[in-house]
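Reviewing the structure listed below.
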Amino acid sequence: MGDSTGTLGRAVDDALAHPLFEGLGVDRAAPPAAVVIFGASGDLTSRKLMPALQALASRDQLSPGTAVVGVGRTDLGDEGFRRRMRQAVEAAARRRPGGGVDEQAWSQLEGGFRYVSGGYDDLATYKDLGETLDDLDREHGTAGNRLHYLSTPPGVFSAVVHQLGAAGLHRPAPGGQFCRVVIEKPFGRDLASAHRLDQELHEVLEEDQIYRIDHYLGKETVQNVLALRFANTIFEPVWSRQYVDSVQITVAESEGVGDRAGFYETAGALRDIVQNHLLQVLALTVMEPPASMSPTGIRNEKVKALDAVDVLEPEEVLADTVRGQYARGWLGGEEVPGYLEENDVAPDSRTETYVAMRLRVDNWRWAGVPFYLRTGKRLPKRVTEVALEFSRVPHLPFAPTQAAQLGPNALVLRIQPDEGITLRFGAKIPGQAFDVRTVSMDFSYGAAFLEEAAEAYERLLLDALLGDPTLFIRTDEVHQAWRIVQPLLETWAEEPVRPVPYEAGTWGPVEGDRLLEADGRRWRRP
Amino acid sequence: MGGPPVSAGMVTVGTWRDDTASMGSVLKALDDLRCRDHRGAVRTSFLTLLVVGDAATEVDEVFDTVHGLGQNQPSRVVALRLLPGTGHRLAARVGVHLLPRGDQCLGIDDVALELSGDVTSHLDSVVEPLTLPDLPVVVWCRKDHPDPEDALLLTTDHLIVDSAVAGGRAGIVQLDRLRRRVQVTDFAWLRLLPLRRHLAMVLRRPELRPVLDQVSAVTVTGGDLDRALLAGWIADRLPGVPIDDEGDRTAGPSVVLAGGDVEVTVEQAAASVTTSVVEGEGPAWESSIGAPPATTAGLLASALLQLRPDPVFDGALAMAVRRSHPG
């Protein structure tokens with residue numbers, strides 16, 4: 001599929017589009033394929049991938065020749081796998097208001113479930129898989145197309161890909177059109193390991209076969225950053241250093257580490273959120289308008305945007321970043337444990353659960369505008385937003401008392417929850433006096449569209465089946481993101497002190513506040 | 001006129017009625033009611049739905065159907081009940097409701113008007129003040145197709161009709177004229193969606209895809225209207241293919257498509273759709289899937305979610321008219 005199939009384009013697989021298919025309200029529909037899920041007995045498959053496949057089938061966006069092949073160490077068998085997937089679909093239906101299982105969609109899928117058990121580094125597993133895929137091509141019409149989804153721990157990415165190569169499963173079967181491999185973050189642990197991982201993947205796969213998934217990019221509201229900026233006349237002219245005073249990007253979680261301590265202890269907030277979600281949102285916020293919404297056009301501009309981010313020197317890391325770790329506190333009316341009290345967390349853990357940082361984007365558009373990024377666990381609420389605060393008017397023709405309640409103009413893109421956009425501006429307070437106060441003009445997705453947003457995984461799975469890589473991360477994006485994060489990793493590793501503790505249920509340590517106060521600014525309260 | 005029915009989860013902020021109303025009093029009532037508990041709610045900006053019915057129209061049934069859309073309510077529903085007689089009458093009932101949606105509370109209005117006399121010839125003057133600014137106006141004609149010259153169409157962005165109750169096959173000529181003036185969704189066309197969808201999906205199977213390039217004959221069955229629409233659809237999408245639309249008129253809608261040595265049949269029954277494929281002398285492959293009959297609320301929801309031109313329907317309708325009236 002060519003580069004013309006972009007995020008804003010429509011795509012029904014060309015070979016299978018036909019005149020009677022048009023007008024069914026299906027803008028995008030996948031070609032036949034076997035979706036092979038490695039780590040099929042895991043949580044992600046049940047919670048996200050299977051409900052996403054069912055939803056796509058429900059909207060006629062999957063071909064009748066779609067099969068789902070689970071691969072895992074647990075011996076489930078075809079019937080056990082089918083049963084488990086049915087439970088996953090039923091559980092997803094229960095989470096929707098008044099939702100039941102779409103039996104028509106399920107009946108389309110259920111004949112195509114297969115399961116292969118075995119070790120990820122055992123070639124015999126892949127020989128079994130190859131035979132299963134050949135059978136499906138013959139009996140189920142999967143047409144030799146493969147989408148391998150690596151829902152496994154990152155440590156086995158390389159082994160899986162090499163064994164796929166050894167078994168000849170890294171390319172489409174004869175007559176097939178594609179063989180793609182989706183991998184979940186993290187893409188390496190640092191710049192060097194990211195390069196190593198890429199090298200190992202590229203020993204078997206071409207770059208255009210690799211789909212690195214960051215589910216944040218599948219969110220409607222993240223994609224809407226592009227629509228807001230590039231489909232409107234009124235925003236882009238003020239989207240620069242000429243009018244923007246500063247930008248704040250917040251990814252706040254109210255949850256603690258939960259049962260992810262095993263992973264989180266090796267990652268921390270920097271690797272878990274900043275290197276991917278936060279920097280992806282930053283890239284979309286600062287990138288230049290692409291010539292077209294093609295995958296190459298968008299991803300080239302994102303790479304250029306990340307390339308313009310100044311890498312912090314070690315002494316700047318100490319001055320411009322703050323790392324914290326949540327301590328016991330109160331959240332939502334309940335007392336919650338501190339990070340060090342969580343299960344599977346080392347008592348002397350130095351893992352950060354909060355990061356705040358000040359970055360510079362050194363290019364013509366953004367020179368001199370500080371970008372404040374923060375993320376944390378056990379913050380007061382779950383919220384993701386991008387806020388552009390605008391410069392004050394050059395002359396305020398009011399008495400200071402009249403404008404005492406006037407804050408800066410701000411444009412806030414609310415990514416989750418309560419998805420929408422808020423514009424903050426000054427308005428006269430009703431009454432005899434001429435006092436001015438900041439008010440909000442709100443746009444809410446929920447109140448403006450009858451259509452419901454697709455789940456991020458629905459969008460991304462369909463894109464991968466269609467061969468549209470726009471919302472996946474290219475190798476040079478990964479490297480640029482690690483380039484930005486690498487000095488923090490290195491400097492913090494050499495720091496003898498632990499992350500600053502902050503009370504759960506607060507917006508992070510006071511050091512995070514001081515980062516902005518030093519510039520005469522303060523964090524927004526999302 | 002009694003109190004408006006509301007759906008589960010919907011909270012009524014207030015109602016107002018007057019059997020001798022004016023448009024001024026209706027608008028004031030809307031404003032007054034909205035100023036009660038309504039200010040904390042988000043005013044939705046979806047669309048204004050205008051429902052036009054005759055004296056036999058049960059307004060409560062209309063609101064039941066619309067409120068049955070659950071969280072996908074239009075921002076404002078205006079139900080017009082046109083009464084016979086020449087005496088001027090404008091009776092009104094207004095309801096303002098709150099509906100939880102996700103973490104928001106949405107505000108929704110409905111207005112029921114009973115009209116008779118000269119005003120029924122000037123419905124646009126009644127409707128215009130009730131439309132919400134900058135939002136699409138969708139008109140749902142529950143019985144007859146409107147006259148293509150009706151002034152009401154000047155304020156209409158999208159028209160919803162049901163040919164099955166508005167003239168059947170005989171009404172498609174008028175419908176074809178209407179769709180040249182305004183975007184149209186026809187419930188009769190939507191009811192055939194399961195059949196069209198199954199036929200299209202089975203022909204997406206790689207091994208059956210070549211059949212479409214070798215179609216030698218198509219047979220459609222069903223009632224007059226269904227046959228006309230299906231034959232129009234096939235004729236428009238597969239030009240030049242011989243179509244037999246004189247098949248069984250008492251059966252449910254079906255399409256039999258023959259190409260090469262393959263015959264594909266899709267039949268839509270009351271609660272299921274059956275697809276069968278016969279290849280040469282080989283055994284038939286058959287699949288039957290439950291497809292419950294579409295409810296009016298379901299059809300309305302589908303229509304409201306696709307407020308855009310439908311060139312496939314337009315083509316099918318135009319071809320159906322041409323086949324029915326070759327001159």
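Labels below follow one simple rule: chain letters A, B, ... track the order of the sequence lines, proteins then strands, and each chain is numbered from 1. Scope of the values below: all heavy atoms of this structure, side chains included, with no hydrogens, waters or symmetry mates.
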#### Entry: Atom pair CZ (A:Phe21) and CZ (B:Arg196), whose distance is rounded to the nearest 0.5 Å
12.0 Å
### Summary
Under 4.5 Å to a heavy atom of chain A? For B:Leu190 that would be neither
### Query
Roughly how far, to the nearest 0.5 Å, is the NE2 atom of A:His18 from the CG atom of B:Leu238?
9.5 Å
### Message
For A:Glu419, I'd like to know if atom CD has over 12 heavy atoms of other residues, nucleotides or ligands within 6.0 Å.
### Response
yes
### Query
Any donor and acceptor pair, going by atom type alone, linking the side chain of B:Arg237 with main-chain N or O of A:Pro19 inside 3.5 Å?
yes
### Message
For the CD atom on A:Glu255, are there more than 12 heavy atoms of other groups (residues, nucleotides or ligands in this structure) within a distance under 6.0 Å?
### Response
no
### Message
Please classify the contact of A:Ala448 with chain B as side chain, backbone, both or neither, using a heavy-atom distance under 4.5 Å.
### Response
both
### chain A contact via B:Leu305 - which portion, at a heavy-atom distance below 4.5 Å
both
### Query
Checking B:Leu304 against chain A: side chain, backbone, both or neither under 4.5 Å from a heavy atom?
both
### Message
Just verifying a value: how many Å separate B:Gln306 CD and A:Leu24 CG, rounded to the nearest 0.5 Å?
### Response
9.5 Å
### Query
Between atom CG of A:Asp60 and atom CE of B:Met201, what is the distance when rounded to the nearest 0.5 Å?
4.5 Å
### Message
Less than 4.5 Å to any heavy atom of chain B: does that hold for the side chain of A:Glu22, its backbone, both, or neither?
### Response
both
### Task
List the atom of B:Ala200, the atom of A:Leu20, and the distance in Å for their closest heavy-atom pair.
CB-O, 3.4 Å
### Query
B:Arg204 and A:Ala29: which non-hydrogen atoms are nearest, and at how many Å?
NH1-CB, 3.8 Å
### Query
By a 4.5 Å heavy-atom criterion (distance strictly below it), what part of B:Leu135 contacts chain A: side chain, backbone, both, or neither?
neither
